[in-house]
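All heavy atoms count here, side chains included; hydrogens, waters and symmetry mates do not. Given the structure is predicted, the values throughout are model-derived calculations rather than measurements.
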Amino acid sequence: MYTYLTLLAAMFILTILLKSPKFKGLIGEKFVSYRLNKLDNSKYFILNDITIPSVKGKTTQIDHIVISEYGVFVIETKNYNGWILGDERSEYWTQVIYKRKEKLYNPIRQNYGHIQALKALSPDFEQIPFISIISFSLKADLKVNVTSEVIYSKYLIKTIEKYNESVIPQEDVQKLLQTFQSASLQDKKVKKEHVKAIQQEMVDKSNTIAKDECPKCGGTLVERRGKYGPFKGCGNYPKCRFIHKHA
């Protein structure tokens with residue numbers, strides 16, 4: 001009886017964990033880490049789950065960085081299911097599961113912030129290419145209109161290896177690796193503060209939008225209608241291109 005109840009409790013906990021976005025994200029990152037280990041370790045140097053200072057004076061967490069003579073690959077992993085709808089420039093994408101819709105911050109924009117943080121750490125290497133890759137699990141059905149590398153995880157190695165022109169000297173590859181390793185914040189407290197800061201930033205942004213204020217430039221948000229339905233756009237357009245799509 002005790003064993004049966006223990007098994008039920010374990011299954012209940014596992015069910016809750018599998019529904020947790022944080023846990024699902026962790027599974028996705030571990031799966032991508034496993035795939036990245038198939039790269040030639042004499043040419044590609046991998047950093048997983050690092051937190052570094054951001055250009056805004058805060059911190060930013062990066063799922064994976066692959067440093068090589070062919071470029072620096074910055075990889076954001078997404079372990080989502082359902083349809084994923086979005087385009088290159090929109091602030092948010094949409095996840096559709098049957099009739100339920102959820103917003104997610106455009107991962108291309110998210111990864112752009114990661115790359116800017118890495119560039120700030122390596123000002124002596126202005127000419128090196130940073131390649132953004134957004135890797136979705138096979139559970140997702142991608143319906144996105146993009147020119148960036150937004151791929152399924154099974155194509156990750158193939159996508160990286162298609163960049164085969166040597167553009168970074170080996171000594172610079174090692175310098176970049178050391179720079180990013182040295183900048184990595186390993187303290188668990190720092191990582192917790194990073195998560196809290198992101199959550200607070202999202203709350204502040206939502207409150208600003210609710211008051212019809214543009215969180216980007218402070219302008220007034222105006223109701224508009226596009227081919228995908230109604231949205232709020234900054235009144236300072238085209239100087240400010242912030243838009244907020246209705247849920």
Side-chain angles (χ1 to χ4, degrees), residues 25-79 88 106-137 146-195 197-198:
L26 181 61
I27 291 175
E29 288 179 31
K30 293 297 182 184
F31 182 73
V32 169
S33 295
Y34 169 76
R35 284 195 174 275
L36 291 174
N37 285 332
K38 295 182 179 181
L39 291 167
D40 184 342
N41 61 15
S42 67
K43 294 182 179 180
Y44 299 90
F45 301 90
I46 303 164
L47 297 175
N48 297 310
D49 186 21
I50 73 166
T51 302
I52 61 173
S54 74
V55 293
K56 294 182 179 180
K58 299 179 181 179
T59 57
T60 189
Q61 185 270 334
I62 304 175
D63 292 338
H64 314 277
I65 306 170
V66 178
I67 306 161
S68 74
E69 62 186 283
Y70 312 111
V72 177
F73 301 89
V74 184
I75 303 164
E76 175 66 24
T77 64
K78 295 297 181 187
N79 192 20
E88 193 90 17
N106 183 341
I108 297 174
R109 289 191 175 200
Q110 183 180 4
N111 222 25
Y112 174 79
H114 296 160
I115 289 173
Q116 294 307 111
L118 291 171
K119 285 183 175 181
L121 292 174
S122 50
D124 295 334
F125 301 93
E126 291 183 359
Q127 303 305 314
I128 67 169
F130 284 82
I131 299 103
S132 173
I133 300 178
I134 314 300
S135 172
F136 276 87
S137 70
V146 299
T147 56
S148 300
E149 300 283 12
V150 180
I151 62 167
Y152 292 109
S153 55
K154 70 175 183 178
Y155 299 123
L156 182 57
I157 300 301
K158 185 177 179 180
T159 300
I160 291 173
E161 290 182 338
K162 80 178 183 181
Y163 294 86
N164 53 21
E165 182 182 349
S166 181
V167 291
I168 306 176
Q170 274 300 323
E171 59 268 25
D172 287 347
V173 170
Q174 292 302 317
K175 287 178 183 177
L176 286 166
L177 176 62
Q178 292 169 11
T179 296
F180 298 152
Q181 283 177 324
S182 299
S184 176
L185 305 170
Q186 299 297 335
D187 192 325
K188 289 184 179 179
K189 184 178 178 181
V190 170
K191 291 193 175 185
K192 284 184 179 179
E193 290 174 352
H194 167 69
V195 173
I198 290 176

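- Separation of atoms OG (Ser33) and CG (Asp63) is listed at 8.5 Å; rounding is to 0.5 Å.
- Residues Leu47 and His64 form no side-chain contact, since every pair of their non-hydrogen atoms from C-beta on lies 4.5 Å or further apart.
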Checklist entry - side-chain contact (heavy atoms from CB on, under 4.5 Å) between Ile133 and Ile131: does it pass, once the steps are laid out? => result CA-CA 6 Å; Ile133 300 178; Ile131 299 103; 4.2 Å; yes
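- With Ser184 contributing its side chain and Phe180 its backbone, the two residues share no donor-acceptor pair below 3.5 Å.
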Checklist entry - Do Glu165 and Tyr70 pass the side-chain contact (heavy atoms from CB on, under 4.5 Å) test, and can you show the C-alpha distance, the side-chain angles, and the key distance before you say yes or no? => result CA-CA 6 Å; Glu165 182 182 349; Tyr70 312 111; 5.6 Å; no
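- Distance OG/Ser42 to CD/Gln170: 8.5 Å, rounded to 0.5 Å.
- Tyr44 approaches Glu161 most closely through the heavy-atom pair OH-CG, 4.1 Å.
- Ring pair Tyr163/Phe73 is perpendicular by interplanar angle, where above 60° counts as perpendicular and below 30° as parallel.
- Side-chain contact check for Val150 versus Ile108: some heavy-atom pair is nearer than 4.5 Å.
- Taking the side chain as every heavy atom from C-beta outward, Ile50 and Gln181 never approach each other to under 4.5 Å.
- Of all the heavy atoms in Pro53 and Ala117, the pair that sits closest is O-CB, 3.7 Å.
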Next on the checklist: Could you walk me through whether Asp172 and Ile128 satisfy the side-chain contact (heavy atoms from CB on, under 4.5 Å) test, starting with their C-alpha distance in whole Å, then the side-chain angles of each, then the deciding distance to 0.1 Å, before giving a yes or no?
Outcome noted: CA-CA 10 Å; Asp172 287 347; Ile128 67 169; over 6 Å; no
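- Counting heavy atoms from C-beta on, the side chains of Ile67 and Ile46 never come closer than 4.5 Å.
- Side-chain polar atoms of Gln110 and Lys78 form a donor-acceptor pair below 3.5 angstrom.
- At a threshold of 4.5 Å between non-hydrogen side-chain atoms, the residues Ile134 and Ser148 do not count as touching.
- Rounding to the nearest 0.5 Å gives a distance of 12.5 Å between CG of Leu36 and CG of Asn41.
- Atom CG of residue Asn111 and atom CG of residue Asn106 lie 10.0 Å apart, to the nearest 0.5 angstrom.
- Annotation for Glu126: atom CD does not count as buried by contact number, only 12 or fewer foreign heavy atoms lying within 6.0 Å.
- Looking at His114, its side chain never comes within 3.5 Å of a backbone N or O of Thr60 through a donor-acceptor pair.
- Between Val167 and Pro129 the shortest heavy-atom distance is CG2-CG, 3.7 Å.
- Looking at heavy atoms from C-beta onward, Gln174 lies in side-chain contact with Phe45 at the 4.5 angstrom threshold.
- The pair Lys162-Glu149 meets the salt-bridge criterion, since a charged nitrogen lies less than 4.0 angstrom from a carboxylate oxygen.
- Residues Ile115 and Ser132 share a closest heavy-atom pair of CD1-CB, 3.7 Å.
- Residues Leu156 and Val32 have side chains in contact (heavy-atom distance under 4.5 Å, counting atoms from C-beta outward).
- Expressed to the nearest 0.5 Å, how far CG of Leu121 lies from CD of Gln116 amounts to 11.5 Å.
- Residues Phe125 and Lys175 have side chains in contact (heavy-atom distance under 4.5 Å, counting atoms from C-beta outward).
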Item to check | Intermediate values then yes/no, side-chain hydrogen bond (donor to acceptor under 3.5 Å, both in side chains), Ser166 and Glu69 | outcome: CA-CA 5 Å; Ser166 181; Glu69 62 186 283; 2.9 Å; yes
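- Nearest approach of Tyr152 to Ser137, heavy atoms of both residues: CD2-O, 3.7 Å.
- Residue Ile62 holds its CD1 atom at 12.0 Å from OG1 of Thr77, rounded to the nearest 0.5 Å.
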